[in-house]
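Remember, predicted model here, so these are calculated numbers, not experimental data. All residue numbers refer to positions in the sequence shown, counting from 1.
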Amino acid sequence: MSDWKPTACLICSLNCGIEVQTEGAHITRVRADKNHPVSQGYLCEKAQRMDAYQQGRDRLSSPMRRRADGTYEAIDWDTAITEIAAKLAAVRDAHGGESIFYYGGGAQGNHLPGVYAQSTLAALGVRYRSNALAQEKTGEAWVQARMFGCGIHHDFEHAEVALFIGKNPWQSHGFPRARLVLREIAADPGRAMIVIDPRRSETAAMADFHLAIRPGTDAWCLGALAAILVQEGLANSDWMASHVSNADPVLDALARIPVSQFAQVCGVEEDLLRAAARRMAAAKTLASMEDLGMQMGVHSTLGSYLHRLLIGLTGAFGRKGTSYAFIPFRPLGAGGGGSASKTSGERNFRRSPVTGFPVIMGLIPCNAITEEILTDHPHRFRAMIVESANPVHSLADSNRMREALRALDVSVVIDVAMTETARSADYVLPASSQFEKAEASFFNFEAEANAFHLRRPLFPPREGTREEGAIHAALCEALGAFGEAEVAPLRAAAEKSLDTLAMAFMQTIGANPALMPVASALLYRALGPVLPEGMGNAAGVWGVAQLFVSSFPEEAARAGFEGQLAGNRLFEAIMASPSGVVFARQDAEDSWKRLRSPGQQINLHIPEMLELLVGLDPEGPPRDPDYPFILSAGERRTETSNTSIRNPDWLRKGELESTLRIHPDDAAGLGLAEGAPVDVVTTRGRTRTVVELHEGSRRGHVSLPNGLGLDVTGADGTVRRHGVALNELTDYRWRDPVVGTPWHKYVPARLEPVG
């Protein structure tokens with residue numbers, strides 16, 4: 001048995017610090033890491049699944065090439081890199097780099113692929129990309145850009161009132177030490193919790209106010225809450241006078257909202273809505289957070305706007321215990337090798353080439369991808385690189401996504417496993433697992449002390465795999481982006497010291513600016529071999545550290561990193577801190593400096609959103625009598641994980657079940673008992689599962705869990721599906737009209753008893 005080694009949990013975005021013991025190729029014991037600067041010894045049960053990730057059934061040990069008959073053959077790395085580079089370059093030369101599409105860049109806790117991919121995308125001139133953020137967060141980002149000009153997060157630890165919209169932090173977390181904080185709020189009579197959710201989740205069961213809305217009516221509920229604040233004179237007028245702009249048209253519109261009608265649509269008693277609004281208004285501090293329950297539903301972008309109106313109306317920003325502007329170590333959703341800005345000529349790269357959806361955070365909507373491929377449009381996507389992602393399984397309309405991948409001139413998957421997406425690609429490049437290389441997460445959202453955790457490898461790379469730095473450096477070299485002539489002087493400088501490297505790097509880029517877009521891969525070749533054994537994949541972090549201290553010198557200095565070579569000192573601290581290091585410090589009041597809106601005030605008026613608000617259908621969201629139930633396609637439960645874990649051995653003796661949660665009265669009406677088989681039918685597909693009677697479900701609302709439905713290779717070599725693959729049931733056309741986020745939480749469905 002080995003000593004305890006620090007690393008991180010990979011299940012959710014918090015990536016809590018853990019310590020593990022290993023034996024051979026296995027993780028045998030897991031405990032909380034008390035030295036982690038963010039999680040501080042907190043842990044939930046999900047971290048016990050780390051060995052199941054490491055022992056994934058579909059791990060690869062060689063690059064794979066698709067044959068004409070659809071089967072795959074193993075090929076060597078040199079052949080794979082040479083052929084892939086040549087075919088991608090041919091597409092670029094014939095149709096432009098903008099015809100090559102990139103999806104992914106990092107699974108949970110696996111973000112360094114996105115750093116190195118920037119170099120390959122630059123070498124190819126790639127302009128368009130997407131990832132899971134465009135399934136969830138682009139509506140929120142679009143609203144925040146219009147209202148705040150920056151990203152914001154929320155301080156629940158010090159809040160008097162906590163508001164959760166379509167979120168169950170007991171399962172999904174979303175902020176540090178979530179379960180401890182929830183218990184503290186619930187136990188304090190001076191604090192309150194408000195939950196907007198159709199079902200009685202674990203968090204809703206703890207709440208003082210559970211607004212159990214009809215599925216898909218978040219906008220009506222939030223609109224009613226905002227209208228109550230205005231119509232009852234509860235808005236924080238004194239605070240608003242100093243901190244918001246363009247309020248008059250918004251206040252006028254909210255004054256005319258029919259609260260009683262909105263309450264009827266969302267299915268919540270008007271008195272309960274008014275009581276919740278009054279509690280928010282009376283609180284000295286309010287922290288609020290939205291999540292997939294709303295962001296993957298009807299009118300999700302409007303819901304994000306109304307959520308931020310509540311922040312503006314109550315004065316819940318820029319103070320401890322409220323919302324704040326965070327400082328990321330590296331911006332999420334950054335563009336690829338090309339800018340998303342408009343260029344000269346007829347092309348507008350701020351919109352997707354075929355559907356014309358806006359590019360937000362450098363991303364196009366996931367639900368538009370197949371339309372950008374399956375068309376004869378001259379600017380369609382003709383090649384695709386997928387990295388640390390599984391769009392065939394995770395995006396709407398799986399069959400259509402498979403069709404789109406096969407329609408491309410060339411498709412490449414970089415991943416640790418032979419995923420559902422890999423089984424439709426032309427080439428598959430096997431990456432080392434997150435525990436076999438230096439790896440990290442860029443979900444850095446803390447209010448005061450923001451930390452970054454560079455994890456050290458627990459095991460040597462599996463034979464035949466490569467870390468992403470090596471993969472992208474090889475692709476860049478094959479594409480002619482740089483060679484040994486450019487690498488050698490930088491490597492010689494790195495061997496002397498980081499300070500010598502910094503000087504040499506500036507001189508190199510000054511003499512040849514074309515190397516800057518491929519800097520991460522260049523650094524991998526130059527600095528990677530100089531770093532401690534197994535830490536070569538961390539070379540790209542050196543560049544991230546330099547950019548951070550130049551962008552946020554004051555906040556870096558507060559954390560102890562200042563001076564001309566502060567980036568080097570920060571990188572040294574990161575390398576020397578196996579449990580993570582605080583890279584920036586700020587106060588909640590510093591948030592006002594981050595606002596990039598005129599006068600550093602919150603802009604309340606987005607005309608398109610007000611138009612949607614006043615035009616909300618008085619009958620509520622659309623319903624189809626042939627599909628009377630609303631299915632939530634993806635519910636976080638105790639027994640589920642994310643799809644990075646492709647090993648069913650860790651649960652229920654290897655059998656992962658996707659039970660359909662349904663209210664007992666609805667089940668009785670269909671003659672369904674606990675455990676009864678049932679077919680779930682949508683306009684796109686049919687699947688069979690079993691019933692789970694659940695008192696917390698709302699009448700007319702059913703749910704299936706996330707993270708299952710994987711096609712996993714068994715010990716005998718056969719491929720078997722475990723659980724329900726949700727996106728065999730969803731439709732790419734069910735999406736938000738503003739930013740294209742999917743309606744995965746609002747899928748019209750029919751239930752048919754079996755037998």
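The side-chain heavy atoms of Leu454 and Met535, taken from C-beta on, include a pair separated by under 4.5 Å. Using a 4.5 Å heavy-atom threshold, the side chains of Thr643 and Thr419 count as separate. A 4.5 Å side-chain heavy-atom check between Tyr128 and Leu363 finds every atom pair outside the cut-off. Side chains of Thr22 and Lys5 form a contact here, defined as non-hydrogen atoms less than 4.5 Å apart. Contact annotation: the side chain of Val487 approaches that of Leu522 to within less than 4.5 Å [non-hydrogen atoms, C-beta and beyond]. Between His111 and Ser388, the closest side-chain pair of non-hydrogen atoms is not below 4.5 Å. Residues Gln434 and Arg455 meet the side-chain proximity criterion, which asks for heavy atoms closer than 4.5 Å. A 4.5 Å side-chain heavy-atom check between Pro532 and Met575 finds at least one atom pair inside the cut-off.
For Lys437 (side chain) and Glu467 (main-chain N/O), no donor-acceptor pair under 3.5 Å exists by modelled atom type. In terms of modelled atom types and a separation under 3.5 Å, the side chain of Glu486 and the main chain of Gly483 share a donor-acceptor contact. Distance alone, capped at 3.5 Å, is enough to place a donor-acceptor pair between the Asn450 side chain and the Ile327 backbone. Not a single donor-acceptor pair under 3.5 Å links the side chain of Glu98 to the backbone N or O of Gly125. A distance-only check finds a donor-acceptor pair linking the side chain of Ser62 to the backbone of Ile75 [under 3.5 Å]. Within the 3.5 Å criterion, the main-chain N or O of Asp711 finds a donor-acceptor partner in the side chain of Arg423. Asn727 places a side-chain N or O within 3.5 Å of a backbone atom of Ser394 that can act as its donor or acceptor partner. Looking at His453, its side chain does come within 3.5 Å of a backbone N or O of Pro578 through a donor-acceptor pair. In this structure a side-chain-to-backbone donor-acceptor pair under 3.5 Å is present from Ser39 to Gly17. Put simply, the side chain of Asp33 never gets that close to the backbone of Pro6: no donor and acceptor are under 3.5 Å apart.
Taking every heavy atom of both residues into account, Glu484 and Pro489 meet most closely at O-CD, 4.4 Å. Residues Tyr72 and Asp426 approach most closely at CE2-O, 4.5 Å, considering heavy atoms. Among all heavy-atom pairs drawn from Ala474 and Arg466, the shortest one is CB-NH1, 4.3 Å. Minimum heavy-atom separation, Ser424 to Ser411: O-OG, 4.1 Å. When all heavy atoms of Arg456 and Ser577 are compared, the pair lying nearest together is NH2-N, 4.2 Å. Closest approach of Asn647 and Ala52 over heavy atoms only: CB-O, 3.3 Å.
In this structure, CZ on Phe505 lies 13.0 Å from CG on Leu498, to the nearest 0.5 angstrom. A distance of 14.0 Å separates CZ of Arg177 from SG of Cys44, quoted to the nearest 0.5 Å. Atoms OG1 and CG, from Thr640 and Asn706 in turn, are 4.0 Å apart once rounded to the nearest 0.5 Å. We find the CG-CD distance between Asp291 and Glu136 to be 7.0 Å, quoted to the nearest 0.5 Å. Rounding to the nearest 0.5 angstrom, the gap separating the CZ atom in Phe381 from the OG atom in Ser99 is 9.0 Å. Residue Leu124 holds its CG atom at 6.0 Å from CZ of Arg92, rounded to the nearest 0.5 Å.
Between Arg569 and Glu562, none of the side-chain N atoms (NZ, or NE/NH1/NH2) sits under 4.0 Å from a carboxylate O, so this pair counts as no salt bridge. A salt bridge links Arg646 with Asp58: the closest approach of a Lys/Arg side-chain nitrogen to an acidic carboxylate oxygen falls below 4.0 angstrom. For Asp76 and Arg65, the salt-bridge test fails: no basic side-chain N is under 4.0 Å from an acidic carboxylate O. Classification of Arg59 and Glu436 as a salt-bridged pair holds, one side-chain N sitting under 4.0 Å from a carboxylate O. The pair Arg31-Glu19 meets the salt-bridge criterion, with a side-chain N (NZ, NE, NH1 or NH2) lying under 4.0 Å from an Asp/Glu carboxylate O.
For the residue pair Thr82/Thr79, the side-chain donor-acceptor check at 3.5 Å is not satisfied. For the residue pair Arg636 / Ser172, no side-chain donor-acceptor distance below 3.5 Å is found, with atom types taken as modelled. Using modelled atom types, one finds a donor on one side chain and an acceptor on the other under 3.5 Å when comparing Ser441 with Asn15. Side-chain contact check for Tyr102 and Glu387: at least one donor-acceptor pair (N or O, by modelled atom type) lies under 3.5 Å. Side-chain contact of Glu420 with Asn390: a donor-acceptor pair under 3.5 Å is present, judged by distance alone. Residues Asp499 and Asn568 have side chains that bring a donor and an acceptor to within less than 3.5 angstrom of each other. With 3.5 Å as the limit, one finds no donor-acceptor pair spanning the side chains of Gln54 and Arg462.
You'll find the ring centres of His36 and Tyr42 outside the 6.0 Å limit. Two rings, from Phe329 and Phe548, have their centers less than 6.0 Å apart. Taking the six-membered ring for Trp and the full ring otherwise, the centers of Phe326 and Phe445 sit less than 6.0 Å from each other. Residues Tyr116 and His472 place their aromatic rings such that the two centres sit no closer than 6.0 Å.
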Carefully, step by step, assess Leu458 and Ile27 under the rule side-chain contact (heavy atoms from CB on, under 4.5 Å). CA-CA 9 Å; Leu458 302 176; Ile27 295 172; 4.1 Å; yes
Step-by-step side-chain hydrogen bond (donor to acceptor under 3.5 Å, both in side chains) determination, Glu83 to Tyr427: CA-CA 9 Å; Glu83 290 187 5; Tyr427 293 89; 2.5 Å; yes
Kindly determine whether Thr713 and Arg57 satisfy side-chain hydrogen bond (donor to acceptor under 3.5 Å, both in side chains), including the steps that lead there. CA-CA 6 Å; Thr713 304; Arg57 291 268 189 86; over 6 Å; no
Walk me through whether Val712 and Val719 qualify under side-chain contact (heavy atoms from CB on, under 4.5 Å). CA-CA 5 Å; Val712 180; Val719 177; over 6 Å; no
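More than 12 non-hydrogen atoms from other residues, nucleotides or ligands lie less than 6.0 angstrom from CD of Glu45. Atom CD of Glu73 has more than 12 heavy atoms from other residues, nucleotides or ligands within 6.0 Å.
With a 6.0 Å cutoff to the six-membered ring centre and a 45° limit on the axis angle, Arg330 counts as a cation-pi contact of Phe442. Cation-pi check for Arg127 over Phe349 is met; the charged atom lies under 6.0 angstrom from the ring centroid and within 45 degrees of its normal.
The side-chain hydrogen bond (donor to acceptor under 3.5 Å, both in side chains) with Gln586 is formed by just one residue from the set Glu446, Arg594, Arg558; it is Arg594. Checked options Leu531, Leu112, Val115; the residue passing with Val541 is Leu112 (criterion: side-chain contact (heavy atoms from CB on, under 4.5 Å)).
Classification of the Phe583-Phe452 ring pair by plane angle, with boundaries at 30° and 60°, yields perpendicular.
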